[in-house]
Protein chains: 2
Amino acid sequence: MIRVVIAEDQKMLRGALTSLLKLEDDIEVVAEAADGLAAWDAIMKYQPDVCLLDIEMPSMSGLEIAEKLKQVKNMTRVIIVTTFARPGYLQKAIDAQVDGYLLKDEPIDFLIEAIRSVKRGERVLSTDLAAALFLKEVNPLTEREMDVLRLAKEGMTTREIVSTLFLTDGTVRNYLSSAIQKLEVTTRQQAIEKAKNNGWI
Amino acid sequence: MIRVVIAEDQKMLRGALTSLLKLEDDIEVVAEAADGLAAWDAIMKYQPDVCLLDIEMPSMSGLEIAEKLKQVKNMTRVIIVTTFARPGYLQKAIDAQVDGYLLKDEPIDFLIEAIRSVKRGERVLSTDLAAALFLKEVNPLTEREMDVLRLAKEGMTTREIVSTLFLTDGTVRNYLSSAIQKLEVTTRQQAIEKAKNNGWI
DNA sequence: AGTTTTTTATGACAGGTGTCATAAAAAAAA
DNA sequence: TTTTTTTTATGACACCTGTCATAAAAAACT
């Protein structure tokens with residue numbers, strides 16, 4: 001019997017997955033969680049064989065849970081189930097050594113098969129994503145450019161960045177400008193977006 | 001037997017819903033669609049009793065389908081199933097006289113019950129949303145302010161808006177400024193966002 | 001060691017963005 | 001009709017944003 005914990009904030013999908021997994025003879029859903037913290041608690045409490053983690057959840061993301069599980073050397077296998085094919089997410093998932101990364105665009109049967117596969121110790125990846133890994137670009141940004149972009153990401157204005165990093169107004173804008181050009185976009189918002197997508201900041 | 005068409009672009013959820021609805025004795029899923037056009041074709045072909053429409057789909061949104069169905073006086077009952085509780089979406093759904101508006105945060109059983117209810121001619125609304133309708137603010141924008149915001153929404157720069165509406169540079173920025181203030185935000189992007197959310201542009 | 005390349009830093013510049021004071025025109029109220 | 005209010009319009013102002021030319025400092029290469 002494969003014991004599974006499901007963490008997914010959208011009730012309809014969570015309920016549907018649970019109902020369908022229960023129909024499988026070899027799978028048992030031991031707990032459901034609607035947010036990251038609840039998911040963590042459930043995994044600690046039930047020590048399931050496999051956990052399905054959505055990435056974008058309240059209080060703790062699925063990726064954070066995966067990292068923490070790795071840190072405490074918990075043996076629960078992790079399958080990330082997400083809408084997003086962002087290279088940044090995928091990279092973080094690989095760094096956290098997750099056992100599977102599936103898109104919600106896959107059919108349920110694929111998920112069920114994936115649960116059995118990871119239980120056997122195999123790794124599972126949505127087909128589209130294998131290509132995404134090869135297409136991954138290298139980070140063209142310097143340390144300083146990333147610093148500035150990171151602060152800009154938090155919604156800081158140029159002036160606030162200036163006083164945080166002890167630079168002049170012009171210098172900060174200069175880093176942003178070169179980041180914008182290197183990322184081949186035209187505004188700082190787009191630069192933040194792209195850098196975030198690729199897991200560079 | 002209640003004949004149902006399901007339109008939802010996310011395969012995992014679509015498949016899960018179909019599987020679960022098939023378990024109900026009085027419901028039959030006659031077709032699935034992964035995008036708006038396919039959904040429209042399926043509804044035309046099968047003339048189901050009820051159709052479940054996601055809003056954000058490729059090629060045609062669920063709201064557009066609902067409007068078109070109303071225009072051609074098709075008798076299929078419409079249930080919108082969406083992640084978003086935006087007042088603007090809800091308003092458009094009401095204008096299109098849909099029979100139900102459910103959030104994906106509802107449990108499946110609620111959806112199943114909703115299908116039976118609308119088939120009987122009743123209307124169904126997610127509980128949180130009833131309140132949203134009362135909280136709806138009135139549109140504080142003038143005709144001209146909406147014109148400008150609409151063009152800004154399409155990504156036009158101030159200059160492009162100027163030559164489209166035959167105004168001066170200053171005037172356009174003035175409309176944007178007053179719109180920004182009326183909407184109690186600080187940038188044109190936020191103004192566009194809020195006006196869109198409320199269905200004002 | 002010296003040379004080249006990359007990174008870090010600065011300020012000047014052009015252009016965009018939002019606010020303001022002001023006023024004519026149109027609509028509503030008296 | 002006159003007065004008041006609202007809408008539409010303008011240009012001036014301060015500030016923000018992205019680019020550029022330029023240069024010192026650091027790192028990599030010969």
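Only this structure's heavy atoms are used, side chains among them; waters, hydrogens and symmetry mates stay out. Chain naming here is simple, since letters A, B, ... match the order of the sequence lines and numbering starts at 1 in each.
No N or O donor and acceptor, one from the side chain of B:N174 and one from the base of C:dT19, sit under 3.5 Å apart.
B:F166 has its CZ atom 13 Å from the P atom of D:dT10, to the nearest Å. To the nearest angstrom, C1' of D:dG18 lies 14 Å from CD1 of A:I161. Between A:L149 atom CG and C:dT8 atom C1' the separation is 16 Å, expressed in whole Å. The nearest whole Å value for the distance from the CZ atom in A:R173 to the C1' atom in C:dC13 is 10 Å. Rounding to whole angstrom units, CG of residue B:D169 and P of C:dT19 are separated by 15 Å. Following rounding to the nearest Å, A:L165 (CG) and C:dT10 (C1') show an atom-to-atom distance of 16 Å. As a whole-Å value, the separation of A:L167 CG from C:dT7 P is 17 Å. Look at CD on A:Q190: it is 13 Å from C1' on D:dT17, rounded to the nearest Å.
Applying the side-chain contact (heavy atoms from CB on, under 4.5 Å) criterion to B:D49, with sequence neighbours excluded, gives B:I2, B:R3, B:K119. Residues passing the salt bridge (charged side-chain N to carboxylate O under 4.0 Å, His left out) test with A:E24, sequence neighbours excluded: A:R116. Taking A:K70 as the reference, A:Q97 meet the side-chain contact (heavy atoms from CB on, under 4.5 Å) condition, with sequence neighbours excluded.
In this model, the phosphate group of C:dG16 is approached by a side-chain N or O of B:R159 to a distance below 4.0 Å at OP1 or OP2. Look at A:T168 and you won't find any side-chain N or O under 4.0 angstrom from OP1 or OP2 of C:dA9. One finds a side-chain N or O of A:R188 lying less than 4.0 angstrom from the OP1 or OP2 phosphate oxygen of D:dT17. One finds no side-chain N or O of B:T171 lying less than 4.0 angstrom from the OP1 or OP2 phosphate oxygen of D:dT8.
Atoms CD1 and CZ, on B:I55 and B:F84 in that order, are 8.0 Å from each other to the nearest 0.5 Å. Separating the NZ atom in A:K153 from the CZ atom in A:R188 is a distance of 15.5 Å, to the nearest 0.5 Å.
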Give the table of side-chain donor-acceptor pairs shorter than 3.5 Å for residues 35-42 of chain A, with sequence neighbours excluded, one pair per line with atom names and distance.
| unit_1 | atom_1 | unit_2 | atom_2 | d |
| --- | --- | --- | --- | --- |
| A:D35 | OD1 | A:L37 | N | 3.1 |
| A:D35 | OD1 | A:A38 | N | 3.1 |
| A:D35 | OD1 | A:S59 | OG | 3.2 |

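Using a 4.0 Å cut-off between a side-chain N of Lys or Arg and a carboxylate O of Asp or Glu, B:D95 and B:K92 do not qualify as a salt bridge. The residues A:R86 and A:E193 are annotated as not salt-bridged, no charged nitrogen and carboxylate oxygen being separated by less than 4.0 angstrom. Residues B:D54 and B:R14 are not paired through a salt bridge, judged by the lack of any N-O separation under 4.0 Å between the basic side chain and the carboxylate.
Against DNA chain D, the stretch residues 140-147 of chain B makes heavy-atom approaches under 4.0 Å through B:T142, B:R144. Listed by residue number, the members of residues 176-187 of chain A with any heavy atom below 4.0 angstrom from DNA chain C form an empty set.
Nucleotide C:dA30 has D:dT1 as its partner under the Watson-Crick or G-U criteria, with both atom distances under 3.5 Å.
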